[in-house]
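FYI, the numbering just counts along the sequence from 1. Quick caveat: nothing in here was measured; it's all calculated off a predicted structure.
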Amino acid sequence: MASRYYQEMQESFRNNNKSREFPAHSAKVHSVAWSCDGRRLASGSFDKTASVFVLEKDRLVKENNYRGHGDSVDQLCWHPTNPDVFVTASGDKTIRIWDVRTTKCTATVNTKGENINICWSPDGQTIAVGNKDDVVTFIDVKSHRSRAEEQFKFEVNEISWNNDNDMFFLTNGNGCINILSYPELKPIQSINAHPSNCICIKFDPTGKYFATGSADALVSLWTVEEMVCVRCFSRLDWPVRTLSFSHDGKMLASASEDHFIDIAEVETGEKLWEVQCESPTFTVAWHPKRPLLAYACDDKEGKYDSNRESGTVKLFGLPNDS
């Protein structure tokens, strides 16, 4: 018997399953993220810039383009509680902190390697950045100095704090989730999560679960409390690149090179919806208050117009009549 939530969301998506695309960059978009208040969406691109949009009723309006990096912007994230500040990680061996009120870069922090992943601690005080050499640097947000630096002996894929800010998680190339105490950074546990490369990790906003996505095309859901895998989602056929929980923690979007984004009901694992895409999806992000999903794909097919090789940002969940 389908849950009431399932029925409500099915009904909602039946009336709101329109996707719209918005020009954002001159090359593919690697990362999209919402500000904590949901007013803005930022995107980072291979074209070395970040773009910020303001969400108006049913559309994204471009507010600004942020230039300064000398290489691809691989990942970005917003301050957990300040909706005006975000940070970008780039292959140019720096991270940059930006403020949308002044549209300026408020800090450039030099790091040792080419940066590929970044996250902000839930208390807002620390930024962790991982590079291609599997070094994770913890940067103090106030002083912009490195607090700690850890070299790992395995391929580090994605990094994240838990919601309580007292543990730090890494997914690795051997299919494991490594958990460190924070701020001590002492190893607590290593979980053999997948038979192959464990790519991405996300915590649900309620703090009950986290999910990991793997090269084996599976998404696994874990309880934060016991660190037990409670279910797997197996509708994708390709390595899972990106995950996002909805604001209420009840839906999980996952995407890969498959030409659809899977939206699952967290408690049952059932498919709530799938969002059709024309090409592989690099990044997905649920809005922090509404059932709106931002995402970006590898747009280069350009089957309508080969000049449209550009990076667009897409929004799913808009009213069909909009």
Applying the side-chain contact (heavy atoms from CB on, under 4.5 Å) criterion to Met251, which one of Phe245, Trp286, Trp273 satisfies it?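 One option only clears the test, and that one is Trp286.
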Between Asp37 and Arg39, does any NZ, NE, NH1 or NH2 come within less than 4.0 Å of an OD or OE carboxylate oxygen?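 No salt bridge links Arg39 with Asp37.
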Should the pair Arg235-Glu274 be classified as a salt bridge under the 4.0 Å nitrogen-to-oxygen rule?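 Salt bridge: no.
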Do [X] and [Y] come within less than 4.5 Å of each other through their side chains, counting heavy atoms only?
X	Y	answer
Phe53	Phe22	yes
Leu60	Val313	yes
Val109	Thr94	no
Cys36	His79	no
Ser196	Ser214	yes
Ile177	Ile179	yes

Do you know which two heavy atoms are closest between [X] and [Y], and how far apart they sit?
X	Y	result
Pro239	Ile199	CB-CD1, 3.8 Å
Ala255	Ile261	CB-CG1, 4.0 Å
Leu236	Ser254	CD1-OG, 3.7 Å
Met167	Tyr182	N-CB, 3.9 Å
Val52	Ala42	CG2-CB, 4.1 Å

Hydrophobic clustering (ILVMFWY, side-chain heavy atoms < 4.5 Å, transitive) - are [Y] and [X] grouped together?
X	Y	answer
Tyr295	Phe260	no
Val219	Leu221	yes
Met227	Ile201	yes
Ile97	Tyr66	no
Ile159	Leu76	no

Should Lys314 and Thr312 be marked as a side-chain hydrogen bond (donor to acceptor under 3.5 Å, both in side chains) after you check the CA-CA gap, both sets of side-chain angles, and the distance that decides it? CA-CA 6 Å; Lys314 300 174 175 64; Thr312 59; 2.8 Å; yes
Is there a side chain to side chain contact (heavy atoms under 4.5 Å, CB included) between Val136 and Phe152 once you walk through the steps? CA-CA 8 Å; Val136 177; Phe152 293 94; 3.7 Å; yes
Can you see whether [X] engages [Y] through a side-chain donor-acceptor pair at a distance of less than 3.5 angstrom?
X	Y	answer
Ser43	His25	yes
Thr281	Arg241	no
Ser90	Asn115	no
Asn320	Asn16	no

So which of Trp78, Trp34, Trp120 actually passes ring pair (Phe, Tyr, Trp, His ring centres under 6.0 Å) with Phe86?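 Of the listed options, the one satisfying the test is Trp78.
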Derivation of the side-chain hydrogen bond (donor to acceptor under 3.5 Å, both in side chains) call for Ser279 and His259: CA-CA 5 Å; Ser279 52; His259 287 194; 6.0 Å; no
Please list, chain by chain and in numerical order, all residues satisfying ring pair (Phe, Tyr, Trp, His ring centres under 6.0 Å) with Phe203, sequence neighbours excluded.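 Applying ring pair (Phe, Tyr, Trp, His ring centres under 6.0 Å) to Phe203 gives Phe169, Phe210.
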With no hydrogens and no angle check, is any side-chain donor or acceptor of Lys18 less than 3.5 Å from a backbone partner on Ser322?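 Indeed, once roles are kept as given, a pair shorter than 3.5 Å links the two residues.
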Donor-acceptor check, side chain of Asp164 to backbone of Asp166, threshold 3.5 angstrom: yes or no?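 No, the answer is negative, given that no donor and acceptor are paired below the 3.5 Å cut-off.
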For Glu63, what residues pass the side chain to side chain donor-acceptor pair (under 3.5 Å) criterion, not counting sequence neighbours?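 Listed in chain order: Arg40.
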Aromatic ring proximity Tyr209/Trp222, centre distance under 6.0 Å: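 No.
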Gap between atom [atom2] of [Y] and atom [atom1] of [X] - 0.5 Å precision:
X	Y	atom1	atom2	answer
Thr268	Tyr5	OG1	OH	10.5 Å
Glu155	Asp134	CD	CG	6.5 Å
Arg59	Leu315	CZ	CG	12.0 Å

List the steps, then state whether side-chain hydrogen bond (donor to acceptor under 3.5 Å, both in side chains) holds for Ser146 with Glu149. CA-CA 7 Å; Ser146 164; Glu149 205 174 73; 4.6 Å; no
Evaluate the side-chain hydrogen bond (donor to acceptor under 3.5 Å, both in side chains) criterion for residues His69 and Thr88: first the C-alpha distance (whole Å), next the side-chain angles of each, then the deciding distance (0.1 Å), finally the verdict. CA-CA 9 Å; His69 278 300; Thr88 48; 2.7 Å; yes
Evaluate the criterion salt bridge (Lys or Arg N to Asp or Glu O under 4.0 Å) for residue pair Glu267 and Lys208; output intermediate values, then yes/no. CA-CA 11 Å; Glu267 284 304 336; Lys208 188 176 174 188; 3.2 Å; yes
Side chain to side chain contact (heavy atoms under 4.5 Å, CB included) between Leu55 and Leu41: does it pass, once the steps are laid out? CA-CA 7 Å; Leu55 178 66; Leu41 180 81; over 6 Å; no
Phe13 and Phe316 aromatic ring geometry - parallel, tilted or perpendicular at 30°/60° bounds: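 Taking Phe13 first and then Phe316, their aromatic rings sit tilted (interplane angle of 30° to 60°).
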According to the interplanar angle, ranging from 0 to 90°, do the rings of Phe138 and Phe168 count as parallel (below 30°), tilted (30 to 60°) or perpendicular (above 60°)?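 Perpendicular.
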For Arg145 and Asp140, run salt bridge (Lys or Arg N to Asp or Glu O under 4.0 Å): C-alpha distance rounded to whole Å, both residues' side-chain angles, the deciding distance at 0.1 Å, then the answer. CA-CA 5 Å; Arg145 291 183 194 284; Asp140 182 306; over 6 Å; no
Report the C-alpha distance between Ser45 and Lys28 in whole Å, list the side-chain angles of each, state the deciding distance to 0.1 Å, and finish with yes or no for side chain to side chain contact (heavy atoms under 4.5 Å, CB included). CA-CA 6 Å; Ser45 164; Lys28 58 187 170 194; 5.9 Å; no
Go through it in stages, so that I can follow the logic: the residues are Trp161 and Asp123, the test is side chain to side chain contact (heavy atoms under 4.5 Å, CB included), and I'd like the CA-CA distance, side-chain angles, deciding distance and then a yes or no. CA-CA 10 Å; Trp161 273 270; Asp123 66 8; over 6 Å; no
Hey, mind stepping through Lys271 and Glu265 against salt bridge (Lys or Arg N to Asp or Glu O under 4.0 Å) and telling me if it holds? CA-CA 6 Å; Lys271 179 171 88 177; Glu265 182 179 18; over 6 Å; no
